[in-house]
Amino acid sequence: MMQPKETINDFVIKFANVNGTGSASANGMFAKAIFRMGIPVSPRNIFPSNIQGLPTWYEVRISQDGYLGRRGGIDMMVSVNPQSFAKDVGEVEPGGYMLYDSTKPLDLRHVRRDIHYLGIPLTEMCLREYTDSRQRQLFKNVIYVGALSALLNIDFAILKDLVSEQFKGKEKLITPNIHALEMGHQYASTHFQCPLGIHLKAGEQTPKHIQEFDQILMDGNTATALGAVYAGATVAAWYPITPSTSVVDAFEKYCRRLRIDPGTGKKNYAIVQAEDELSAMGMVIGANWNGARAFTATSGPGVSLMSEFLGLAYFAEVPAVLVDVQRAGPSTGMPTRTQQSDILAAAYASHGDTKHVLFFPATPAECFSMTVEAFDLAERLQTPIIIMSDLDLGMNEWMSPPLEFDDSYRYDRGKVLSGEDLEAMTERFGRYLDVDGDGIPYRTYPGAHPTKGAYFTRGSSRDEYAAYTEDGDVYVRNMDRLLKKFETAKSLVPEAKIKPAAELTKDALLFFGTTASPAYEALETLEKEGIHLDTLRLRSFPFTQEVEDFIEEHDRIFVIEQNRDGQMRRLLLNETNVEANAKLISVVEYDGLPVTARKIASVIRGAMGINNVTPLVPKEKELAS
């Protein structure tokens with residue numbers, strides 16, 4: 001038998017459950033308890049798109065160093081789902097642990113000699129203790145959390161506090177839940193040597209990547225919704241779609257608290273569930289055209305349906321904000337799995353020559369700040385801004401510093417002529433005249449002046465004064481001005497984050513969004529092996545000059561992204577003036593799970609001819625027959 005793993009505050013535990021059995025609540029309590037001990041934690045819910053019955057997993061990364069991305073490999077599996085047991089046992093790393101329901105004997109086909117089994121008769125304990133079938137199902141999850149508190153050295157008082165908070169107002173549920181925790185804790189303490197080789201210890205050391213443990217747990221969709229509130233958004237039109245629905249749900253929750261007129265008690269906001277995504281985008285365009293700040297949230301299928309109206313907003317130059325919480329496509333794809341596969345669809349949404357501004361948040365804090373910035377930039381540029389989030393960032397809880405907001409901030413409404421401005425004008429108002437040479441014209445709100453400033457908004461070709469025309473020269477002037485405006489955007493979008501290596505190198509990593517966390521971890525791993533790479537984290541499109549310079553200065557750049565076709569690599573090749581086809585090397589992951597630090601490091605080693613990679617899971621011959 002292999003020696004058990006021994007590590008403090010640095011391991012990965014995965015829960016294998018059946019969807020719809022109440023496991024999400026118990027698993028979430030487990031992660032929050034570790035967080036409250038002051039230990040960095042990163043939970044991820046891996047769930048099916050059906051309501052009940054299929055396997056679901058919950059993976060928790062504990063990292064004293066503060067790594068928040070997926071590492072790769074599982075140190076402990078908590079398996080309470082017979083459907084997935086064979087697969088689950090194969091994921092455990094040698095020396096790791098398998099906690100399972102031992103009410104029935106363990107199938108010898110699933111026994112491995114290189115891992116350690118922890119059997120707890122969960123079903124038997126529930127049958128003996130509870131008569132209600134639903135209680136038996138729910139408390140099974142709570143019992144294994146109690147057992148883990150003994151096995152991993154979780155502060156039991158914190159678990160009791162979490163139960164009391166969760167069931168505040170439902171006090172009758174507090175005592176039985178704490179009793180279930182105690183049952184699990186007592187069983188583990190009695191039958192196993194506690195704590196295990198892998199366990200937790202509060203106050204062990206200051207996390208390397210967290211300056212101080214003044215952190216919150218927050219998902220990106222909630223942060224995005226709060227950003228929309230702080231940005232002054234008053235209108236949201238959307239059609240429900242996983243994984244973006246919770247953006248508008250959270251927006252409505254905050255609006256009920258913060259968008260109520262104190263004098264009249266009336267709502268100062270409007271939320272409309274449209275009949276489809278195309279209608280939702282149409283409503284957003286109409287509200288923005290009328291002077292409100294409006295947005296919608298969707299995922300890949302919705303972007304496809306919204307493309308026609310995105311083209312209208314681009315061509316008619318109407319501000320709009322779209323939150324794209326990406327999932328695995330194409331078509332319906334895997335609705336509850338993450339990807340970064342809408343890059344090209346969003347950048348060039350609609351037919352004809354269009355280019356849209358994209359933001360790439362990597363954390364909940366950036367979801368918040370970039371959403372505020374998106375509303376300002378949409379009005380300044382008079383064009384759609386698309387925030388490219390994804391399921392991993394949007395629906396999972398991430399450790400984050402508390403969100404910050406400057407109370408002196410004032411909205412940037414862009415080039416809007418007031419009634420007074422129009423009254424003072426001696427020249428003729430031209431809605432699409434490039435007065436300042438930056439490609440951005442002046443606009444008016446409806447009703448700004450009784451006789452001046454009116455124009456016809458159309459999706460067909462028009463001249464500088466918004467008059468319909470099919471004159472080819474006029475059309476070209478307008479399209480060239482739109483391109484000039486896109487060039488102006490390069491000076492306004494969030495800048496890339498560049499980090500030089502400790503030693504001079506011609507190799508580099510380029511990444512964006514949620515690939516950032518595992519990329520930085522892989523970078524540190526490789527540096528310890530003598531492999532040095534500069535890094536650039538993209539935060540927006542169009543690409544700024546610093547991005548082109550970075551590509552020009554390096555001979556080999558690994559582009560990390562979560563889609564099959566290397567869409568960001570293609571966009572870089574298409575939108576920069578650098579001959580980079582040979583130097584841009586794709587590192588892709590598209591199985592629906594977030595890319596791991598181990599995967600990134602492994603691919604880079606392979607590209608460099610270094611083959612010191614340890615397999616992440618045991619080979620078949622290591623399984624007992």
State, without any angle test, whether [X] and [Y] hold a side-chain donor-acceptor pair at a distance under 3.5 Å.
X    : Y    : value
Q567 : D565 : no
W289 : T457 : yes
D436 : Y442 : yes
T56  : N17  : no
R413 : Y445 : yes
R569 : N574 : no
S279 : D276 : yes

What do you reckon, is [atom1] of [X] surrounded by more than 12 foreign heavy atoms closer than 6.0 Å?
X    : atom1 : result
E579 : CD    : no
R380 : CZ    : no
K583 : NZ    : yes
D412 : CG    : yes

Note to self: Is the ring pair F543/F541 parallel, tilted or perpendicular, if the boundaries are 30 and 60 degrees?
What the structure shows: perpendicular
Margin query: Tell me whether the rings of Y475 and F315 are parallel (<30°), tilted (30 to 60°) or perpendicular (>60°).
Written below: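 The arrangement is tilted - the two ring planes meet at 30° to 60°.
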Margin query: Under 6.0 Å between ring centres: does that hold for F368 and Y230?
Written below: yes
Salt bridge [X]-[Y], side-chain N to carboxylate O under 4.0 Å:
X    : Y    : value
E464 : R431 : no
K355 : E575 : yes
R477 : D471 : no
E470 : R462 : no
E589 : K599 : yes

Are any of the side-chain heavy atoms of [X] and [Y] separated by less than 4.5 Å?
X    : Y    : value
R537 : Y520 : yes
F359 : P494 : yes
I271 : V248 : yes
I498 : F550 : yes
F511 : T535 : yes
L344 : R570 : yes
N396 : D219 : no
D534 : K499 : no

Item checked: Charged tip of R44 within 45° of W398 ring normal and under 6.0 Å ->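 Pair R44/W398 counts as cation-pi.
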Next item on the list: Find out whether the Lys NZ or Arg CZ of R458 is both under 6.0 angstrom from the six-membered ring centre of Y468 and within 45° of the ring's axis.
Entry: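 No, R458 does not lie over the aromatic ring of Y468.
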So, does [X] use its side chain to make a donor-acceptor pair with the main chain of [Y] at under 3.5 Å?
X    : Y    : value
Q339 : Y590 : yes
N290 : G286 : no
R71  : R598 : no
Q326 : S341 : yes
S244 : P240 : no
T596 : G72  : no
Q382 : P441 : yes
E59  : I46  : no
E373 : S369 : no
D324 : I387 : no

Next item on the list: Apply side chain to side chain contact (heavy atoms under 4.5 Å, CB included) to the pair W238 and V284, showing each step before the final yes or no.
Entry: CA-CA 9 Å; W238 104 117; V284 167; over 6 Å; no
Kindly give the heavy-atom pair with the smallest separation between [X] and [Y], and that separation in Å.
X    : Y    : result
T296 : M281 : CG2-CE, 3.7 Å
T515 : V595 : CG2-CG1, 4.1 Å
D463 : T469 : N-CG2, 3.7 Å
A349 : T354 : O-OG1, 2.8 Å
A274 : Y239 : O-CD1, 3.2 Å
L391 : P243 : CD1-CB, 3.6 Å

Next item on the list: Check the pair F295, F251 against ring pair (Phe, Tyr, Trp, His ring centres under 6.0 Å), reporting the backbone distance first and the verdict last.
Entry: CA-CA 11 Å; F295 77 101; F251 179 72; 5.0 Å; yes
Margin query: Would V325 and V247 count as a side chain to side chain contact (heavy atoms under 4.5 Å, CB included) here? Give the steps.
Written below: CA-CA 9 Å; V325 188; V247 174; 4.2 Å; yes
Next item on the list: Kindly determine whether S246 and D249 satisfy side-chain hydrogen bond (donor to acceptor under 3.5 Å, both in side chains), including the steps that lead there.
Entry: CA-CA 5 Å; S246 58; D249 287 343; over 6 Å; no
Notebook entry, point to check: Given L393 and C367, is the side chain to side chain contact (heavy atoms under 4.5 Å, CB included) satisfied, shown in steps?
Noted result: CA-CA 9 Å; L393 177 58; C367 285; 3.5 Å; yes
Next item on the list: Would you please test R257 and E252 for salt bridge (Lys or Arg N to Asp or Glu O under 4.0 Å) and show each step?
Entry: CA-CA 9 Å; R257 289 171 50 192; E252 182 179 21; over 6 Å; no
Next item on the list: Apply ring pair (Phe, Tyr, Trp, His ring centres under 6.0 Å) to the pair H356 and Y348, showing each step before the final yes or no.
Entry: CA-CA 6 Å; H356 297 292; Y348 301 124; 8.8 Å; no
Checklist line | Result of checking D342, D392, I241, T336 against R327 for side-chain contact (heavy atoms from CB on, under 4.5 Å) | finding: I241
Notebook entry, point to check: R539 and K497: side chain to side chain contact (heavy atoms under 4.5 Å, CB included), yes or no, with the steps?
Noted result: CA-CA 8 Å; R539 299 204 301 150; K497 297 288 187 181; 3.9 Å; yes
Next item on the list: With sequence neighbours excluded, give me every salt bridge (charged side-chain N to carboxylate O under 4.0 Å, His left out) pair touching residues 480-496.
Entry: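 Those involving residues 480-496 are E317-R481, E317-K485, D434-K484, E487-K490.
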Next item on the list: List the steps, then state whether salt bridge (Lys or Arg N to Asp or Glu O under 4.0 Å) holds for D376 with R293.
Entry: CA-CA 9 Å; D376 278 353; R293 284 194 156 185; 2.7 Å; yes
